[in-house]
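Structure first, then comments.
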Amino acid sequence: MNRRALAAVPTMPRRQARNDIRPHGIRGRARAAASIRSVACMLLVASLAGCVWAPGQSMSKSSLGGENSYVTLVPITPSLVQTQQQNAASDATSALPTALLDYRPEAYRIGPGDTLHITVWDHPELTSPAGQQQESAVNERLVRPDGTLYFPYAGVMKVAGMTIEQARQAITSGLSHFIRAPLVDVSVAGYGSQRVVLEGAFVKAGAQPVTTVPLTLGEAIGVAGGVDSKNADLSNVVLTRNDDSYHLDLSPSHDGNALARKIYLRPGDRVFVPFNFNQEVYVMGEVLRPQALRFNTSDLTLTQALGQAGGLNETTSKGMVYVVRGALHKEDPNQRPTVYELDAKSPAAFALADSFKVQPGDVVFASAAGITRWNRFTSQLLPLTSALSATASSQYYLNNSK
């Protein structure tokens, strides 16, 4: 083709060519954006039609109730709270061990390991054979492992099992063969034969001696420095006597201090205060500080549990509070967990919550409002649509750059 023929071929100016391509690019991007919007609208419509797509946990009567439900739904009402209080009072009364409350210590009986201080009036050579200037421990008499001790002129005597008065009379009788009308006094200088043992969540756990002064459970706890207030479970203190174990609730709300003052310990008793590492209630959902709360008493109310978790979130909470009981550590697989429901929308509901007692292992769940679940869903959906739009734009430019 010669130059004249080429000149006859119509040509398109460069500016016009660029202008012709640009509308196609705009229309392509518009079509891609429209497709993205269509997909997003379909997702939004589907989410509005059924809230099952909305993220976040929630509970409702429709999901909990019914004969075929996995749980039993029970509303928290004044009658339920009253029944709970009556059962707690009945359990507390029946749990008082009469065998412990009726026990009164007998007179102290001497045993192996005790140290006696024996005084014979007007006879310092018998009272302090090592001399008055020596330490008193040198002049004391140790009860041997076989229950005997030696005293000058009285000889070897078996004193184990005797009261202090019986031991005084026995020594007086032995000295009367050599001394006319001896005046003898006996006292325990060191207690080493009888002990009680305190174990578990005490500040100073260990053995404590039983003395001539009767020892109560409250006094023993005081000598041990008290219990570890953060880690002790006062609702299940175990006192073991011989082969019997007694479970005591020493919580302040059950007047545990008064009960501890009424119980006298006897030699060989063991007192165990368990740790509360496994005694927890779990507060979840729309509260300010979801957490696991430890029990150290038997009386933690629903209001206290919510309060320690910062209370309900006023913005996101639906006002419905559920207490799931029996889902954790369930021994009977055929027994359904119980879900207690509280409508906390009105301030009067917190009067019920303040009387409703939660138990270790309970799960307290504050449900989210519908708008909260929707906002969470859209907050996760919008970044997804932006990513799809960016991907479509990149794909378009890659296809048109070839």
Side-chain angles (χ1 to χ4, degrees), residues 100 103-121 123-175 184-227 237-246 260-261 263-273:
L100 296 181
Y103 170 74
R104 291 295 181 269
E106 300 177 351
Y108 184 84
R109 294 189 177 275
I110 300 170
D114 287 340
T115 303
L116 304 182
H117 185 76
I118 303 173
T119 302
V120 182
W121 296 98
H123 292 276
E125 72 281 2
L126 297 178
T127 302
S128 303
Q132 296 287 344
Q133 297 179 350
Q134 296 293 330
E135 295 182 359
S136 59
V138 178
N139 299 313
E140 293 169 356
R141 305 290 173 174
L142 177 66
V143 180
R144 301 166 182 171
D146 60 356
T148 63
L149 62 75
Y150 172 78
F151 194 77
Y153 298 106
V156 178
M157 307 177 61
K158 188 173 182 64
V159 295
M162 293 183 176
T163 64
I164 295 177
E165 177 62 22
Q166 290 172 343
R168 187 190 70 80
Q169 293 177 0
I171 295 174
T172 300
S173 177
L175 293 178
V184 179
D185 185 20
V186 177
S187 62
V188 181
Y191 299 91
S193 63
Q194 305 171 44
R195 297 177 181 273
V196 296
V197 180
L198 276 65
E199 303 172 314
F202 287 99
V203 175
K204 294 182 295 183
Q208 293 184 18
V210 176
T211 68
T212 55
V213 179
L215 179 66
T216 66
L217 176 58
E219 292 170 342
I221 294 175
V223 173
V227 298
V237 178
V238 182
L239 191 156
T240 303
R241 176 171 296 174
N242 297 329
D243 295 330
D244 299 322
S245 295
Y246 303 92
R261 290 194 296 268
I263 297 177
Y264 287 92
L265 299 180
R266 64 183 297 179
D269 283 353
R270 305 182 74 88
V271 180
F272 175 72
V273 176

Counting only N and O atoms by type, is there a donor-acceptor contact under 3.5 Å from the side chain of Asp114 to the main-chain atoms of Ser193? yes

Ser128 side chain to Pro124 main-chain N or O, any donor-acceptor pair under 3.5 Å? no

Kindly give the heavy-atom pair with the smallest separation between Tyr103 and Leu265, and that separation in Å. CE2-O, 4.0 Å

Donor-acceptor pair, Thr240 side chain versus Ser245 backbone, under 3.5 Å? no

So how far is it from Tyr191 OH to Thr115 OG1, rounded to the nearest 0.5 Å? 11.0 Å

Hey, could you give me the CD/OH distance between Glu106 and Tyr264, rounded to the nearest 0.5 Å? 14.0 Å

Can you tell me how far CZ of Arg270 sits from CZ of Arg241, rounded to the nearest 0.5 angstrom? 14.0 Å

Provide the closest heavy-atom pair for Phe202 versus Ile221 in the form atom of the first, atom of the second, distance. CE2-CG1, 3.9 Å

Between Thr212 and Tyr108, which heavy-atom pair has the shortest distance, and what is it? CG2-CB, 3.8 Å

Backbone N/O of Ala220 and side chain of Gln208: donor-acceptor pair under 3.5 Å: yes

Work out which heavy atom in Arg141 is nearest to a heavy atom in Leu149; give both atom names and the distance. CB-CD2, 4.4 Å

Return the CD1 to OG1 distance between Ile171 and Thr119, rounded to the nearest 0.5 Å. 10.0 Å

Distance col, row Ile164:CD1 vs Leu116:CG, nearest 0.5 angstrom, shows 8.0 Å

So which heavy atom on Asp146 is nearest to which on Lys158, and how close? O-NZ, 2.7 Å

What one should report as the nearest heavy-atom pair of Ala167 and Ile110 is CB-CD1, 3.7 Å

Could you tell me if the side chain of Val159 sits less than 4.5 Å from the side chain of Val143, heavy atoms only? yes

Distance col, row Leu215:CG vs Ile263:CD1, nearest 0.5 angstrom, shows 12.0 Å

Given 3.5 Å as the limit, does a donor-acceptor pair link the side chain of Gln194 with the main chain of Arg109, or not? yes

Should Asp269 and Leu239 count as side-chain neighbours, where that means a heavy-atom distance under 4.5 Å? yes

